[in-house]
Amino acid sequence: MTLPALQNTSVFFRRILSQFPQDISLAFAYGSGVFKQAGTSQGQMGKNMLDFVFAVEDPITWHTMNLIENKKHYSILKYFGPKQISRIQNDYGAGVYYNTLVPSDDRLIKYGVISTDVLIDDLLHWKTMYIAGRLHKPVRILLQSENGKLRAALVANLKSAINASFLMLPESFSEEDLFLQIAGLSYSGDFRMVIGEDKSKISNIVKDNMQHFRILYNNILQDCPQVVYKPQQGRLELQIFSQPWNSSCLGAQISHLFHGSPGGQKP
């Protein structure tokens, strides 16, 4: 299945995407330039940088083509060639190579390039949760291929976010409580949340985007055996509390988190 978040792309986003090599498994836009956040006006939103991620099957080939078409996007690394750029992308940090402050269609954009295989590994095992965490929140899908492994991993990532959040929530809670918990997963332990980042960042992400979160998680919550979801009331009740809270219940919940993804492998 495709991610259910804002599938239709506008002419504006299609125009930006057309400037890049088209061998892309998944392309999405995210962040404050795409989704309004609490305390931000439409005017301010229109001035924010647009953030993109492109998952590609063959990073060397993709960077080779992009260097021909968009060489000026790259830093001094362009002089080292596509193999070195791909090596840095795959071997350092979170497996993503970013070009930033790129002028495009009267806006500034930044775009990250990640190997499809590295993305699938992060989605299933939360190796860094860098891109997986972004995909816990609403994104604007611009392109998604028919790659079955990637599609299954995208859904597994959302299910894992729900199960991880259930472990940190009480017996009964609101949709907003759940979405705040999910949105905060990728920021847990992030030093930027101690110094530098707005302390209300997570709340700002969720507050003005409740409907987008509902669209993203509705089908999974409706089919989830661990919870009674009452969308009309905006409430959820965990079923695991209907029986004694013991080690076997906890073990079952953790098993859903770590083994609920395709392949049944631990992270």
Side-chain angles (χ1 to χ4, degrees), residues 3-6 28-53 94 96 98 100 107-110 112 122-123 126 128-141 154 157-222 224 226-238 241 253 257:
L3 286 184
L6 297 175
F28 65 87
Y30 67 96
S32 60
V34 181
F35 293 95
K36 187 177 182 301
Q37 296 184 6
T40 303
S41 68
Q42 289 291 343
Q44 290 172 314
M45 183 180 167
K47 297 176 183 178
N48 289 342
M49 187 182 301
L50 292 170
D51 299 322
F52 299 88
V53 168
V96 192
Y98 270 98
T100 189
R107 297 286 294 272
L108 283 179
I109 72 170
K110 74 176 181 185
D122 193 37
L123 292 170
W126 290 0
T128 67
M129 211 198 282
Y130 188 74
I131 301 300
R134 277 161 173 69
L135 287 164
H136 290 162
K137 299 173 276 290
V139 301
R140 182 156 191 156
I141 301 294
L154 288 165
N157 181 50
L158 298 181
K159 290 180 178 179
S160 293
I162 287 174
N163 284 313
S165 297
F166 284 170
L167 292 169
M168 295 178 275
L169 287 164
E171 178 178 358
S172 177
F173 48 91
S174 68
E175 285 179 321
E176 185 172 357
D177 292 334
L178 174 62
F179 299 149
L180 285 168
Q181 192 68 61
I182 289 172
L185 288 173
S186 59
Y187 292 108
S188 299
D190 190 335
F191 184 68
R192 294 175 302 169
M193 298 306 291
V194 179
I195 182 170
E197 284 283 9
D198 182 353
K199 301 300 184 295
S200 59
K201 182 179 180 69
I202 296 169
S203 177
N204 290 345
I205 290 171
V206 173
K207 191 171 182 180
D208 276 13
N209 293 289
M210 285 290 292
Q211 187 58 33
H212 296 325
F213 275 93
R214 289 189 190 104
I215 292 170
L216 188 59
Y217 287 100
N218 178 71
N219 289 343
I220 295 174
L221 289 170
Q222 293 284 6
C224 183
Q226 295 106 302
V227 71
V228 173
Y229 180 33
K230 303 174 182 177
Q232 299 298 326
Q233 302 173 28
R235 301 291 303 178
L236 301 96
E237 294 179 3
L238 288 175
F241 283 93
Q253 191 71 357
L257 172 60

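- Atom CD1 of Ile141 is separated from atom CG of Leu154 by 7.0 Å, given to the nearest 0.5 angstrom.
- Put simply, CZ on Phe166 and CD on Gln181 are 11.0 Å apart, with the number rounded to the nearest 0.5 Å.
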Stepwise, does the side-chain hydrogen bond (donor to acceptor under 3.5 Å, both in side chains) test hold for Ser174 with Asp177?
CA-CA 5 Å; Ser174 68; Asp177 292 334; 3.1 Å; yes
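- Taking every heavy atom of both residues into account, Leu178 and Ser165 meet most closely at CD1-CB, 3.8 Å.
- Residues Ile205 and Phe179 are not in side-chain contact: their nearest non-hydrogen atoms beyond the backbone lie 4.5 Å or more apart.
- The minimum heavy-atom distance linking Gln222 with Pro231 is given by the pair NE2-CG, 3.7 Å.
- The nearest pair of heavy atoms linking Met129 to Asp122 is N-OD1, 2.7 Å.
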Step-by-step side chain to side chain contact (heavy atoms under 4.5 Å, CB included) determination, Phe173 to Leu238
CA-CA 9 Å; Phe173 48 91; Leu238 288 175; 3.7 Å; yes
Apply side chain to side chain contact (heavy atoms under 4.5 Å, CB included) to residues Tyr229 and Glu175 and explain how you reach the verdict.
CA-CA 9 Å; Tyr229 180 33; Glu175 285 179 321; 2.5 Å; yes
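- Nearest heavy-atom pair, Ser186 versus Gly133, reported as atom, atom and distance to 0.1 Å: CB-CA, 3.6 Å.
- Checked by atom type and distance alone, the side chain of Tyr217 pairs as donor or acceptor with a backbone atom of His136 at under 3.5 Å.
- Residue Ile202 comes nearest to Ala183 through the heavy atom pair CG2-CB, 3.9 Å, listed as atom of the first residue, atom of the second, then distance.
- Minimum heavy-atom separation, Asn157 to Ala132: ND2-O, 3.0 Å.
- With values rounded to the nearest 0.5 angstrom, Tyr130 atom OH is found 12.0 Å from Leu135 atom CG.
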Using side chain to side chain contact (heavy atoms under 4.5 Å, CB included), reason through Lys207 and Ser200 one step at a time and then give a plain yes or no.
CA-CA 10 Å; Lys207 191 171 182 180; Ser200 59; over 6 Å; no
From CA spacing to verdict: side chain to side chain contact (heavy atoms under 4.5 Å, CB included), Asp51, Phe28
CA-CA 8 Å; Asp51 299 322; Phe28 65 87; over 6 Å; no
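- Checking side-chain atoms of Arg235 against main-chain N and O of Val228 turns up no donor-acceptor pair under 3.5 Å.
- Rounded to the nearest 0.5 Å, atoms CG (Asn163) and SG (Cys224) are 6.0 Å apart.
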